[in-house]
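The structure appears right after this line, and notes come after that.
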Amino acid sequence: MELYQGSLEVKEIFGRWLDEQAASNYGAYVPFVGIIRAEDGIEALSFDIYEPILKKWFDEWQARAMERGAIVKMAHAVGDVPIHTSSYVSAVFSPKRRVALELIEEFVEDFKANAPIWKYDVKNGKRIYAEDRSTPMDGAGLLA
Amino acid sequence: MELYQGSLEVKEIFGRWLDEQAASNYGAYVPFVGIIRAEDGIEALSFDIYEPILKKWFDEWQARAMERGAIVKMAHAVGDVPIHTSSYVSAVFSPKRRVALELIEEFVEDFKANAPIWKYDVKNGKRIYAEDRSTPMDGAGLLA
Amino acid sequence: MITVEFLGPINKAPIEMEADTLADVSARLKEDTELTQWLEKCAVAINDSMVSDLSVLLKEGDRISILPPVCGG
Amino acid sequence: MITVEFLGPINKAPIEMEADTLADVSARLKEDTELTQWLEKCAVAINDSMVSDLSVLLKEGDRISILPPVCGG
């Protein structure tokens with residue numbers, strides 16, 4: 001798991017992950033690259049991350065992937081990420097394509113629902129919590 | 001659609017596709033990279049491609065992707081591809097992640113079933129048709 | 001004494017309090033009207049482990065994190 | 001006169017023949033015992049368009065392609 005201040009160097013990350021696994025004999029490598037879209041007049045999105053819980057979430061996913069003979073990778077931006085640049089890259093390596101295609105979908109969807117990351121629109125230099133696009137985590141409401 | 005003699009330059013292809021779409025305002029880029037696994041003592045896999053029908057298959061997929069606001073990309077090797085190198089890279093770009101994750105799966109699965117490409121194991125320099133891993137195309141048996 | 005910290009957009013300084021269970025924490029936090037709308041949407045962790053049971057016993061020095069709705073990627 | 005070509009691993013030179021429909025082509029190809037095991041697994045294209053109907057009428061110069069089981073990627 002890798003966290004970076006600002007936009008991700010997508011090509012460097014993609015290539016390095018490929019090289020790291022060059023001798024691992026995986027048959028499928030499926031990355032997911034998230035890019036900030038220009039919409040609603042935003043200049044950038046901005047992210048807060050709570051790293052200790054993100055790390056646990058990721059380590060649990062790594063264990064789950066390994067049970068299926070696969071591995072997962074993840075990189076995310078912290079702070080401001082201008083439009084048309086990348087905030088998020090994840091990936092699955094697996095021996096076979098079916099597992100890779102299934103895992104990347106499950107991994108990315110669970111990431112959206114349960115990774116402790118908070119998103120803000122940046123407009124006129126101001127950070128506005130993206131409340132309408134945010135999802136309560138599993139178990140939310142315990143103290144209400 | 002891109003065909004290359006021998007192994008694919010995966011990083012070049014990944015980076016070029018990313019750059020080509022840098023201003024297109026897509027929010028998700030999901031490549032699928034197929035890598036030749038070392039198994040059953042093979043040195044390489046080798047591929048024959050019938051390009052005119054592959055091109056039609058690809059163009060139909062491009063039209064289908066565009067109906068969902070997305071685009072597809074594809075590169076494949078012709079001839080011998082040594083183990084631990086790549087024979088196949090495809091990708092989906094789409095505004096949103098759901099469409100990208102669904103399309104990459106459908107695209108890769110239909111590719112395996114219906115792209116006019118024939119695979120051979122290469123052992124001791126000899127090409128052996130991978131009959132047991134091959135799938136009759138839709139409509140097979142018409143002349144039987 | 002335990003500490004309650006508020007993550008992401010809640011934008012509130014940590015609070016220290018005496019509490020035997022999460023139910024005690026809940027009661028204290030609900031006194032703050034600014035927090036009540038957050039609580040129904042927030043998940044909870046103790047010492048960085050997510051929890052789903054109000055009756056869990058707290059011990060001296062425990063750190064409770066309040067996690068509002070997320071949107072990574 | 002039409003041409004029948006064999007793609008990929010079938011490894012057979014193209015055949016020219018007179019044929020009005022794909023049914024005629026089928027009858028002719030089945031005379032070759034080497035081909036019968038291929039035919040049940042092969043798809044067919046006319047002038048690079050996949051076809052699924054034996055009764056389609058052929059015209060002078062048509063090119064029929066026989067496509068054995070595939071495995072790209």
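Convention: sequence-line order gives letters A, B, ...; per-chain numbering from 1. Note that this is a predicted model, so its numbers are computed, not measured.
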Inset, instruction - Find the one option among A:Tyr88, A:Tyr29, A:Phe93 whose heavy-atom pairs under 4.5 Å with chain B are most numerous. - result: A:Tyr29
Inset, instruction - Check B:Lys11 against A:Phe14 and note the closest heavy-atom contact, atom names and distance. - result: CA-CE2, 4.2 Å
Is there side-chain contact between [X] and [Y], with at least one heavy-atom pair below 4.5 Å?
X	Y	answer
B:Glu105	A:Arg98	yes
A:Leu18	B:Val10	yes
A:Ile35	B:Tyr26	no
B:Val30	A:Val33	no

Above 12 or not: heavy atoms from other molecules or residues under 6.0 Å from [atom1] of [X]?
X	atom1	result
B:Lys55	NZ	no
A:Glu9	CD	no
A:Asp132	CG	yes
B:Glu51	CD	no

Is it the backbone or the side chain of [X] that comes under 4.5 Å from a heavy atom of chain A, or both, or neither?
X	answer
B:Ala22	backbone
B:Phe32	both
B:Glu39	side chain

Inset, instruction - Kindly compute the distance separating CZ (A:Arg97) from NZ (B:Lys112), expressed to the nearest 0.5 Å. - result: 5.0 Å
Inset, instruction - Pick whichever of B:Pro95, B:Ala100, B:Ser24, B:Gly15 has the most heavy-atom pairs under 4.5 Å with chain A. - result: B:Pro95
Inset, instruction - State whether the side chain of B:Arg37 and the backbone N or O of A:Asn25 hold a donor-acceptor pair below 3.5 Å, judged by distance alone. - result: yes
